Colleague: 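Sharing a structure with you now.
Residue numbering restarts at 1 for every chain, and letters A, B, ... go by the order of the sequence lines. Every value quoted in this text rests on a predicted model; they were computed, and no experiment measured them.
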Number of protein chains: 2
Amino acid sequence: MKGESIMPNPAFFNLSEDKRNLVISVALEEFSTANYDTASINQICKKSSVAKGSFYQYFADKLDLYVYIMTLAIEKKIAFFSNILDEFETLTLLEQIHLLFIKGIEFAKVYPQHAALGEQFSKESNATAKQAVIKEGEKQSETLFIQMIDHAKIKGEIDGDVDTLALSMMLQSLNKTVNEYIQNKFGDISYKHFDEGASKLVHSLLDIIFNGIKKR
Amino acid sequence: MKGESIMPNPAFFNLSEDKRNLVISVALEEFSTANYDTASINQICKKSSVAKGSFYQYFADKLDLYVYIMTLAIEKKIAFFSNILDEFETLTLLEQIHLLFIKGIEFAKVYPQHAALGEQFSKESNATAKQAVIKEGEKQSETLFIQMIDHAKIKGEIDGDVDTLALSMMLQSLNKTVNEYIQNKFGDISYKHFDEGASKLVHSLLDIIFNGIKKR
DNA sequence: ATCGAATGTGACCACCTAGTCACATTAATT
DNA sequence: AATTAATGTGACTAGGTGGTCACATTCGAT
């Protein structure tokens, strides 16, 4: 937890901002379209007009770059979500979850590249790369859901007999699925019906979770 | 849909059954531990004591082998599930889904390698490989869920206002998540509490879906 | 203007990959 | 036994990978 983890070598930060951003942007594109092993340092160097030797003066190795890019993306996502946590206290669980889901979809709309990177990461099969990123501080959104559920139980919003872990798992699973779905459905097509389609889907899902499907 | 897709070259089927099974087993292991691009034909040849030249007399290329292995795995899974569809008529939707989920978990227990291959495939980022397998006839379990839901609506088991697509999506998502969870949780550890743990989880999830979480 | 440190560079290394092919070996047929 | 067909084999090609390093260039301070 010390401040020793600025990850890239200082030389990287001595670069002009433009150059730095170019490298980051190119690396982001590479890692969001290919998995860790398939992503190519050579390609990143070519596309950002950086000599191989220079690159290795900025980053210790491939993993160093990957962790750095992932960290930036995670920071961006956290920043994007940070403001909604303030108003959380005033909302019901239903509203909280709805907000989280919609905000996630919006994030993918505003930063499609970052969203794609996240999806790629969740499918990453290189254990070393995955491990390194998680160690560097991936926020466990699981604990957030659990807190929300416990809170809602105390407030009497939901049935106290509900299996908290199962519900938390369910919400995580759905969140991921919804994002994948939206990305695949509206990723290339126009954004015309983006919002309404997404909102309707989330509404339907939450309706099922809160009211159940049994005929009453 | 003609019978022209026996995929490997006839020479492969002229091999002794032992040799054939060895190749299949080694390839299964390779593709279930590495993604398509990372998986190595060289390794498969070495581990199954087949010369490179021989291998390419059996299979046209890497994709040919991959599609063949995936097809075998899919067939195995279909066979594993085939008997339960008979008794489906007599069951309620809750029982049907429960059975499907538990059967899926059992499949992973009996054929862990095949289950791992399936998980690997769902994470596959090589579009060509994914496409080729899907074209070769991946069963859309989505349609099965939709049929089940529609049927349950007609029988009056569940609320007719429920969003069928959303519910189907939800079931697919949960099915996948449960399998991943079980595999990661009990994959290496003892099978002591496997069944009860799995059953309890599925029960909790279905309880949420059918009854909702709202306090009543 | 001179020196020294920091940085840019691309040829190069060792190692991997998928796929090929001329040749050796074996099996089957005449 | 001789001929032909089928099959086994591994060196080889062309191309990729991550990473290194001796050298060229630039920059900053004396």
Colleague: Tell me the interatomic distance from A:Phe59, atom CZ, to C:dT7, atom C1', rounded to whole angstroms.
Modeller: 15 Å
Colleague: Aromatic rings A:Phe107 and A:Phe80: how do their planes relate, parallel, tilted or perpendicular, breaks at 30° and 60°?
Modeller: perpendicular
Colleague: Pairs of donor and acceptor atoms involving the side chains of residues 126-134 of chain A, under 3.5 Å and at least two apart or interchain, shall be tabulated with distances.
Modeller:
unit_1: A:Asn126; atom_1: OD1; unit_2: A:Thr128; atom_2: N; d: 3.0
unit_1: A:Asn126; atom_1: OD1; unit_2: A:Ala129; atom_2: N; d: 3.0
unit_1: A:Asn126; atom_1: ND2; unit_2: A:Asp37; atom_2: OD1; d: 2.9
unit_1: A:Asn126; atom_1: ND2; unit_2: A:Asp37; atom_2: OD2; d: 3.2
unit_1: A:Lys130; atom_1: NZ; unit_2: A:Ser122; atom_2: O; d: 3.3
unit_1: A:Lys130; atom_1: NZ; unit_2: A:Glu124; atom_2: O; d: 3.4

Colleague: On a heavy-atom basis, which atom in A:Asp163 and which in B:Ser204 lie closest, and how many Å separate them?
Modeller: OD2-OG, 2.8 Å
Colleague: If a pair satisfies side chain to side chain donor-acceptor pair (under 3.5 Å) and one of its residues is in residues 95-106 of chain A, list it, with sequence neighbours excluded.
Modeller: A:Thr92-A:Glu95
Colleague: Can you check the B:Asn126 CG to C:dT17 P distance for me, whole Å?
Modeller: 16 Å
Colleague: All N/O contacts under 3.5 Å from nucleotides 24-30 of chain C to the protein, with atom names and distances to one decimal?
Modeller:
none

Colleague: How does protein contact run along nucleotides 8-27 of chain D, one letter per nucleotide 5' to 3', with B for base contact, S for sugar-phosphate only, - for none, heavy atoms under 4.0 Å?
Modeller: BBB------SBBBB------
Colleague: Rounded to whole angstroms, how far apart are CZ on B:Phe13 and P on D:dT7?
Modeller: 13 Å
Colleague: Enumerate the side chain to side chain donor-acceptor pair (under 3.5 Å) contacts for residues 43-55 of chain B, please, sequence neighbours excluded, ordered by first and then second residue.
Modeller: B:Asn42-B:Lys52
Colleague: Listed by chain and number, what are the side chain to side chain donor-acceptor pair (under 3.5 Å) partners of A:Glu119, not counting sequence neighbours?
Modeller: A:Gln183
Colleague: So does B:Tyr111 have more than 12 non-hydrogen atoms from other groups sitting under 6.0 Å from OH?
Modeller: no
Colleague: OP1 or OP2 of D:dT7 less than 4.0 angstrom from a side-chain nitrogen or oxygen of B:Asn14, does that happen here?
Modeller: yes
Colleague: Counting C-beta onward and ignoring hydrogens, is there a side-chain heavy-atom pair between B:Ile41 and B:Tyr56 closer than 4.5 Å?
Modeller: yes
